Amino acid sequence: MKLSIALFGITREIVGQPQLELTVPEGQSVQQLLAGLQQTYPALGELRSLAVAVNNEYAQPDAPLHERDEIALIPPVSGG
Amino acid sequence: MKLSIALFGITREIVGQPQLELTVPEGQSVQQLLAGLQQTYPALGELRSLAVAVNNEYAQPDAPLHERDEIALIPPVSGG
Amino acid sequence: MLIELTDQPIHVAAVLDAVQADGAGAVNSFIGTIRNRSTGRRVVRLHYEAYDQMAVHQLRKVAEQAMERWPMLQKVAVVHRKGTLEIGDVAVVVAVSTPHRAESFAACQYIIDTLKEVVPIWKKEEYEDGTVWVAAHP
Amino acid sequence: MLIELTDQPIHVAAVLDAVQADGAGAVNSFIGTIRNRSTGRRVVRLHYEAYDQMAVHQLRKVAEQAMERWPMLQKVAVVHRKGTLEIGDVAVVVAVSTPHRAESFAACQYIIDTLKEVVPIWKKEEYEDGTVWVAAHP
């Protein structure tokens with residue numbers, strides 16, 4: 001399936017673009033997605049934390065992803 | 001000695017005037033002043049509390065009063 | 001430090017501006033306004049009376065105590081209204097600025113809590129059928 | 001409930017007005033401004049970036065959680081700025097109104113504390129000799 005992943009802040013700078021288009025096996029989990037990305041972009045693994053948001057909510061590591069999901073990487077937030 | 005006592009809020013209403021002029025024995029304490037006033041105006045004794053301010057500070061019960069002191073009765077405050 | 005007792009409407013934005021400081025990232029403020037209800041009775045308006053000189057002196061002391069207790073406090077402003085106030089009117093504004101936020105909450109709360117205990121200001125609530133000096137009796 | 005993410009300067013007085021309610025005697029507000037120093041370095045300006053739709057959704061969730069936890073909360077307003085901010089600019093304003101003051105402090109502090117943990121907004125500090133994404137690395 002095809003996933004589109006929105007990138008913000010330092011993840012956008014690490015990857016070098018605001019959006020990533022990936023083709024991954026059906027039913028891939030949040031955890032598997034992160035593992036793959038951290039292999040391709042080792043600097044992602046150096047962050048204090050890295051969460052995945054699915055449809056505007058923080059997703060659990062074992063949550064399966066779907067093609068229509070709005071997915072984003074969430075590096076450590078620093079609002080306020 | 002002569003004391004002038006400023007009255008506010010409910011104490012002003014109980015006494016019926018904003019200022020009391022009293023002649024008391026030299027060296028009278030805060031406590032003695034209060035006891036005398038509560039005898040003359042029993043309604044003062046029904047308040048939740050009644051403090052005496054001397055020169056803008058709360059006075060201890062055994063503090064002696066002086067003729068030039070700025071004295072005020074302080075019923076329960078309710079600012080804010 | 002801005003300490004004021006006034007019979008004029010309080011301009012909240014001006015009080016907040018008074019605590020702005022380039023080194024202060026956090027401003028906490030408390031605004032006390034006149035409620036339309038008190039212990040279940042409908043309040044029509046309120047009358048605040050103050051022992052002016054002592055009130056200002058005690059307000060200043062409370063602010064100074066806060067600055068001793070939280071040395072990182074940058075600026076403090078306390079403005080209290082007196083006279084007759086209508087529902088919704090601002091009775092008091094406390095504002096403090098600090099580099100970090102936790103202290104701004106603690107210091108602001110300390111100031112308003114202590115103000116309500118020690119500053120000689122009295123309010124008389126007016127209802128449709130009478131008036132009461134708040135907290136006067138047990 | 002007023003929840004807003006904006007690239008325009010925040011008008012603090014308007015945010016405070018948004019939580020006024022006749023039944024609310026207490027308004028607590030927190031204003032976060034840009035400091036000229038961070039961990040000892042001189043900050044020139046800041047850049048805030050947000051995941052807009054999730055940020056607004058999460059801001060709303062935080063406000064709703066506060067209203068569940070403090071059912072006496074009358075109104076809540078949270079406005080967060082994004083884009084480039086200069087020293088002294090307002091980055092965030094949280095304001096809550098309650099009938100009694102203790103809850104106003106607790107609820108306001110809960111909202112800003114939780115906002116800083118969960119809302120997808122990121123700031124990059126700009127110094128004279130470089131930039132850093134705040135809190136990104138251990």
Side-chain angles (χ1 to χ4, degrees), chain B residues 3-22 29-31 33-35 37-80, chain C residues 3-6 10 30-35 38-39 43 46-62 78-83 85 90-94 108-125 130-138:
Chain B
L3 299 180
S4 173
I5 298 152
L7 303 170
F8 300 95
I10 197 167
T11 62
R12 181 175 44 72
E13 290 192 354
I14 288 170
V15 174
Q17 55 196 65
Q19 186 108 353
L20 258 182
E21 311 293 336
L22 292 183
S29 71
V30 163
Q31 203 161 24
L33 173 71
L34 276 179
L37 287 171
Q38 287 173 348
Q39 204 159 15
T40 314
Y41 306 96
L44 292 178
E46 291 162 16
L47 298 174
R48 193 164 56 79
S49 69
L50 187 58
V52 172
V54 177
N55 302 326
N56 299 330
E57 299 288 358
Y58 287 96
Q60 296 298 321
D62 58 355
L65 298 165
H66 308 95
E67 202 163 88
R68 298 265 165 69
D69 284 338
E70 294 201 24
I71 303 170
L73 290 190
I74 311 288
V77 301
S78 51
Chain C
I3 304 291
E4 204 181 323
L5 179 68
T6 176
I10 299 175
F30 176 83
I31 305 169
T33 55
I34 306 303
R35 297 170 60 201
S38 174
T39 59
V43 175
L46 252 89
H47 307 275
Y48 279 86
E49 181 174 332
Y51 178 12
D52 290 19
Q53 61 183 37
M54 180 176 171
V56 170
H57 174 72
Q58 294 290 330
L59 283 173
R60 189 171 299 277
K61 267 181 77 171
V62 173
V78 186
V79 181
H80 203 296
R81 179 95 181 265
K82 60 174 187 169
L85 278 76
V90 173
V92 63
V93 178
V94 178
C108 187
Q109 192 159 17
Y110 171 84
I111 291 171
I112 185 66
D113 286 356
T114 310
L115 180 161
K116 284 174 172 267
E117 282 171 13
V118 306
V119 177
I121 298 176
W122 299 272
K123 64 181 162 212
K124 187 159 77 167
E125 287 182 343
T131 63
V132 166
W133 285 103
V134 175
H137 291 102

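Numbered from 1 within each chain, the chains take letters A, B, ... in sequence-line order. Bear in mind the structure is a predicted one, so any value in this text is a computation, not a measurement.
- Distance check: C:W133 CH2 to B:L47 CG gives 12.0 Å after rounding to the nearest 0.5 Å.
- Nearest heavy atom pair, residue C:P138 against residue B:E46, reads CD-O, 3.4 Å.
- Side-chain contact check for C:W122 versus B:I74: some heavy-atom pair is nearer than 4.5 Å.
- Proximity to chain B is absent for every atom of C:A55, based on heavy atoms less than 4.5 angstrom apart.
- The residue among C:E117, C:K123, C:H47, C:K82 with the most heavy atom pairs within less than 4.5 Å of chain B is C:K123.
- Here C:V118 is the residue among C:V118, C:V92, C:L115, C:V56 with the most heavy-atom pairs under 4.5 Å with chain B.
- Per-residue counts of heavy-atom pairs under 4.5 Å with chain B were compared for C:A91, C:G32, C:A136; the largest is that of C:A136.
- If you tally non-hydrogen atom pairs under 4.5 Å between each of B:G9, B:A51, B:A72, B:A6 and chain C, the highest count goes to B:G9.
- Closest non-hydrogen pair, B:P76 versus C:A135, comes out as CB-O, 3.3 Å.
- Of all residues in residues 55-63 of chain B, those placing a non-hydrogen atom less than 4.5 angstrom from a non-hydrogen atom of chain C are B:N56, B:E57, B:Y58.
- Proximity of a side-chain donor or acceptor of C:Y48 to a complementary backbone N or O of B:S78 within less than 3.5 Å is not detected.
- Heavy-atom distances place both the backbone and the side chain of C:H137 under 4.5 Å from chain B.
- More than 12 heavy atoms of other residues, nucleotides or ligands sit less than 6.0 Å from atom CD of B:E67.
- Heavy-atom distances place the backbone of C:V119, and not its side chain, under 4.5 Å from chain B.
- Taken from CD in C:E49 to CD in B:E13, the straight-line distance is 8.0 Å, to the nearest 0.5 Å.
- Within the 4.5 angstrom heavy-atom criterion, no atom of C:V93 approaches chain B.
- Interface remark: C:Y51 contributes backbone and side-chain atoms alike to the contact with chain B (heavy atom separation under 4.5 Å).
- Interface remark: C:K116 contributes backbone and side-chain atoms alike to the contact with chain B (heavy atom separation under 4.5 Å).
- For C:Q53, the parts lying near chain B are the backbone and the side chain together; criterion is any non-hydrogen pair under 4.5 Å.
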